[in-house]
Amino acid sequence: MPELPEVETVVRDLRPLLAGRGITGVRQSKHKLRRPWKPQWNAAVNGARVEAVRRRGKWILIDLAGAEPNPPPPPSLKGRGEKRSGNSSSPFPSGKRAGGLGSSPLLRVHLGMTGQFTVVPASAAPPDHLHVVFALDNAHELRYRDPRRFGSVEYFANRADAEAELSAELGPEPFGIDATYFRAAVRGTARNLKAILLDQTIVAGVGNIYADEACFRAKLHPGRTGKSLSAADCDRLREAIESVLTRAIESRGSTIRDYVGGSGLGGGFQNEHAVYGRTDQPCPACAAAIECARYAGRASHYCPRCQDSGVRIRDSGKKKKQQRASS
DNA sequence: TCGGCCCTGGGG
DNA sequence: CCCCAGGGCCGA
């Protein structure tokens with residue numbers, strides 16, 4: 001369900017609701033998530049305080065100040081030089097935390113397809129499929145709900161461990177990607193563009209909706225091979241990724257089914273989709289009927305006129321479901 | 001590199 | 001009833 005814009009929206013919603021809050025308890029359901037919350041983590045989280053809420057790719061990271069009373073960092077003598085949090089180009093601090101011992105804990109959350117991560121009053125009626133609940137010190141709760149259970153909530157005693165793991169598995173954030181890197185990554189493979197864009201090790205955060213929308217904006221067919229692209233094509237695609245994700249964040253992401261932000265409010269970018277979910281509807285640029293085929297195992301939407309140039313891997317799937325013969 | 005699979009719910 | 005769904009991992 002959630003791609004980068006939706007995850008970013010959750011993070012931005014949660015940040016003011018969680019900053020500085022203490023966690024006073026943890027509950028969990030008996031149903032296991034893909035990576036289950038372990039009961040022994042309860043004691044570690046109980047009494048911790050939220051320091052920051054961040055995003056890396058489609059992952060939500062919540063920095064905690066541990067329940068064990070660590071010596072507080074000495075007050076900085078740099079005065080007003082404090083960094084603004086939340087807008088740095090890297091989600092990770094560039095250096096070691098001053099005065100830190102490198103053992104600060106962290107919660108790492110993935111929303112899978114149907115995950116919802118919200119702060120609500122503790123008195124709010126619990127919905128179905130509630131899996132992990134963190135009680136807060138202000139009579140609210142941070143609730144993780146996920147009907148399909150493809151997501152996860154995990155605890156790391158040392159946030160550097162979690163960050164190292166993500167750094168090894170994820171490519172760069174899709175804002176300000178190095179053009180040379182992107183050209184080489186795209187042109188160096190015979191895979192199709194859809195598969196390339198969904199590959200989190202090349203660029204982190206793009207999913208099925210924004211892969212289709214980025215291809216449309218770049219006027220590139222999702223079935224095109226990476227190696228068939230010119231350098232200019234790659235540059236257009238890179239800029240399309242950045243622009244569509246930026247616009248989607250401004251609209252709080254796309255609410256297709258059950259996505260909600262961290263405060264329970266949905267998104268509006270679905271109203272600006274040019275191709276995703278618009279099979280047989282007119283292309284906003286040329287009015288040709290939008291088509292749908294299967295690439296990288298995922299439904300892929302495109303305009304056959306605007307995006308039909310260049311060499312393409314043969315359609316791996318039927319454009320349309322074969323019409324059923326009715327008796 | 002790809003299909004299958006993990007799950008539940010909703011829609012045709 | 002069947003098929004589909006915003007993701008990612010695993011094994012052929």
Side-chain angles (χ1 to χ4, degrees), chain A residues 1-10 29-36 55-60 108-117 127-131 144-154 165-166 168-171 188-214 222-223 225-227 244-245 248-249 251-261 266-273 275-280 292-301 313-318 320-324 326-327:
Chain A
M1 151 180 123
E3 305 179 31
L4 186 151
E6 292 76 33
V7 176
E8 178 66 22
T9 299
V10 171
S29 78
K30 62 180 179 182
H31 297 291
K32 287 187 176 178
L33 299 170
R34 169 180 286 280
R35 301 160 103 148
R55 179 192 58 72
R56 174 75 170 94
K58 300 175 188 173
W59 296 88
I60 298 168
R108 190 180 76 174
V109 177
H110 199 289
L111 300 178
M113 288 282 270
T114 53
Q116 299 175 340
F117 203 34
D128 287 347
H129 303 296
L130 202 51
H131 293 112
Y144 184 85
R145 172 177 189 265
D146 186 0
R148 290 176 76 180
R149 286 183 268 144
F150 288 174
S152 59
V153 183
E154 298 166 280
E165 206 176 301
L166 290 184
E169 295 171 0
L170 297 179
T189 178
R191 301 163 78 195
N192 61 49
L193 294 186
K194 187 59 174 278
I196 292 169
L197 292 176
L198 292 179
D199 185 342
Q200 302 297 294
T201 70
I202 296 176
V203 173
V206 177
N208 205 35
I209 293 176
Y210 300 105
D212 284 2
E213 294 296 318
T225 60
K227 65 182 184 183
V244 75
L245 294 176
I249 290 170
S251 298
R252 298 181 50 82
S254 304
T255 295
I256 303 297
R257 271 164 285 274
D258 44 10
Y259 156 76
V260 294
F269 194 70
Q270 67 280 3
N271 297 319
E272 295 178 48
H273 291 175
V275 289
Y276 183 85
R278 297 191 64 247
T279 307
D280 295 332
C292 181
R294 199 154 278 269
Y295 293 104
R298 315 291 298 276
S300 304
H301 312 75
I313 294 178
R314 72 174 193 282
D315 282 10
S316 58
K318 49 230 163 122
K320 298 181 177 176
K321 173 184 279 299
Q322 183 86 353
Q323 289 212 332
R324 262 204 272 172
S326 48
S327 55

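Chain letters run A, B, ... following the sequence lines, proteins first, then strands; residues in each count from 1.
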field: Nucleotide nearest A:Asn208 (side chain, heavy atoms from C-beta), chosen from B:dT1, C:dG7, C:dC9
entry: C:dG7
message: Looking at A:His110, I'd like to know whether one of its side-chain N or O atoms comes within less than 4.0 Å of OP1 or OP2 on C:dG8.
response: yes
task: Compare all side-chain heavy atoms of A:Tyr144 with those of A:Leu111 and state whether any distance is below 4.5 angstrom.
output: yes
query: B:dC6 and C:dC1: how far apart are their C1' atoms, nearest whole angstrom?
result: 22 Å
- prompt: In terms of ring plane angle, is the pair A:His129 and A:His131 parallel, tilted or perpendicular, where the classes change at 30° and 60°?
  reply: tilted
statement: A:Phe117 atom CZ is separated from C:dG7 atom P, nearest whole Å, by 19 Å
- prompt: Quick one: do A:Arg35 and A:Glu165 make a salt bridge, cutoff under 4.0 Å?
  reply: yes
message: Between P on C:dG8 and CZ on A:Arg108, what's the gap in Å once rounded to a whole number?
response: 12 Å
query: To the nearest Å, how far apart are A:Leu198 CG and C:dG7 C1'?
result: 9 Å
Exercise: identify the closest heavy-atom pair between A:Asp146 and A:Gly115: OD1-N, 3.6 Å
message: Please report the distance separating the P of B:dC7 from the corresponding atom of C:dG11, rounded so that it comes out in whole Å.
response: 15 Å
query: In whole Å, what is the span from the OH atom of A:Tyr295 to the P atom of B:dG3?
result: 13 Å
- prompt: Side-chain N or O of A:Arg298 less than 4.0 angstrom from OP1 or OP2 on C:dG7?
  reply: yes
message: Just the rounded figure in Å: distance from P of C:dA5 to CD1 of A:Ile209.
response: 12 Å
task: Check the side chains of A:Tyr210 and A:Glu6 for a donor-acceptor pair under 3.5 angstrom, ignoring hydrogens and angles.
output: yes
task: Indicate yes or no: at least one non-hydrogen side-chain atom of A:Trp59 is less than 4.5 angstrom from one of A:Glu154.
output: yes
task: Could you tell me whether A:Ala195 contacts a base, only the sugar-phosphate backbone, or nothing, with contacts defined as non-hydrogen atoms closer than 4.0 Å?
output: nothing
- request: Please step through salt bridge (Lys or Arg N to Asp or Glu O under 4.0 Å) for the pair A:Asp212 and A:Lys194, ending with a clear verdict.
  value: CA-CA 7 Å; A:Asp212 284 2; A:Lys194 187 59 174 278; 2.8 Å; yes
Please produce a list of atom pairs where a protein N or O lies less than 3.5 Å from an N or O of nucleotides 7-9 of chain B.
{"unit_1": "B:dC7", "atom_1": "O3'", "unit_2": "A:Arg149", "atom_2": "NH2", "d": "2.9"}
{"unit_1": "B:dC7", "atom_1": "O2", "unit_2": "A:Arg148", "atom_2": "NE", "d": "2.7"}
{"unit_1": "B:dC7", "atom_1": "N3", "unit_2": "A:Arg148", "atom_2": "NH2", "d": "3.3"}
{"unit_1": "B:dT8", "atom_1": "OP1", "unit_2": "A:Arg149", "atom_2": "NH2", "d": "2.7"}
{"unit_1": "B:dT8", "atom_1": "O3'", "unit_2": "A:His129", "atom_2": "NE2", "d": "3.3"}
{"unit_1": "B:dG9", "atom_1": "OP1", "unit_2": "A:His129", "atom_2": "NE2", "d": "2.8"}

message: Quick check: closest heavy atoms across A:Val10 and A:Phe117, and the distance to 0.1 Å?
response: CG1-O, 3.8 Å
message: Nearest whole Å is fine: how far is B:dT1 P from A:Arg294 CZ?
response: 20 Å
message: Is any side-chain heavy atom of A:Arg55 closer than 4.5 Å to one of A:Leu4?
response: yes
- line: Output field dot_bracket for DNA chain C (Watson-Crick or G-U, both distances under 3.5 Å, | for other-strand pairs) contains |||||.||||||
query: Can you name the closest pair of heavy atoms from A:His301 and A:Thr279 and give their distance?
result: CD2-OG1, 3.4 Å
- prompt: A:Asp146 has an atom CG; how far is it from atom C1' of C:dG7, in whole Å?
  reply: 10 Å
C1' spacing across the pair C:dG8 / B:dG10, given as an integer number of angstrom: 23 Å
message: Does A:Tyr276 reach a base, just sugar-phosphate, or nothing at all? Heavy atoms under 4.0 Å.
response: sugar-phosphate
message: How many whole angstroms separate atom NZ of A:Lys32 from atom C1' of C:dC9?
response: 17 Å
Side-chain N,O (A:Lys58) to OP1/OP2 (C:dG8) below 4.0 Å: yes
